[in-house]
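Counting begins at 1 with the first residue of the sequence.
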Amino acid sequence: MNLQDFEAQYREAMAETLNELQTAVLLLAQVQQQISKVGSSVQNISEHVEEFIVNQKAE
């Protein structure tokens, strides 16, 4: 393998690896957003249940 072949393989491997890293970062951002949505839903449900319990006890 000569230097030009080595350089071409290196650049191709780096480009592919950087693309994979970028994809992983984007997926992580989506997962973080989904976790935040789920957390908000759990909090909302909890508030409604607590309110229902208080109302039931008041009756």
Side-chain angles (χ1 to χ4, degrees):
M1 175 185 298
N2 63 33
L3 182 59
Q4 289 174 338
D5 291 340
F6 177 78
E7 181 181 12
Q9 285 184 0
Y10 161 77
R11 291 185 186 278
E12 184 179 334
M14 284 299 292
E16 183 178 333
T17 302
L18 289 172
N19 283 337
E20 290 175 359
L21 179 60
Q22 184 177 28
T23 299
V25 169
L26 292 173
L27 289 171
L28 176 59
Q30 290 175 345
V31 168
Q32 288 173 324
Q33 184 179 18
Q34 189 65 29
I35 289 170
S36 179
K37 287 180 183 179
V38 170
S40 294
S41 294
V42 169
Q43 184 176 6
N44 190 20
I45 290 168
S46 177
E47 290 171 0
H48 281 81
V49 169
E50 291 293 329
E51 183 180 335
F52 175 77
I53 291 170
V54 167
N55 289 339
Q56 291 298 308
K57 286 182 178 180
E59 290 180 3

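A heavy-atom distance below 4.5 Å is found between the side chains of Phe52 and Gln56.
For Glu12, the CD atom is loosely surrounded, since the number of other residues' heavy atoms within 6.0 Å does not exceed 12.
In this structure, Met14 shares a hydrophobic cluster with Tyr10, the cluster being traced through Ile, Leu, Val, Met, Phe, Trp and Tyr side chains under 4.5 angstrom apart. Clustering of Ile, Leu, Val, Met, Phe, Trp and Tyr by side-chain heavy atoms under 4.5 Å joins Ile45 with Val49, Ile53.
Annotation: salt bridge (charged side-chain N to carboxylate O under 4.0 Å, His left out) contacts involving residues 48-59, sequence neighbours excluded, are absent. A salt bridge (charged side-chain N to carboxylate O under 4.0 Å, His left out) check over residues 1-10, counting only residues at least two apart or in different chains, returns the pairs Glu7-Arg11.
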Name every donor-acceptor pair, under 3.5 Å, that has one atom in a side chain of residues 15-36 and the other anywhere in the protein, sequence neighbours excluded.
{"unit_1": "Thr17", "atom_1": "OG1", "unit_2": "Ala13", "atom_2": "O", "d": "2.8"}
{"unit_1": "Asn19", "atom_1": "ND2", "unit_2": "Ala15", "atom_2": "O", "d": "3.3"}
{"unit_1": "Thr23", "atom_1": "OG1", "unit_2": "Asn19", "atom_2": "O", "d": "3.0"}

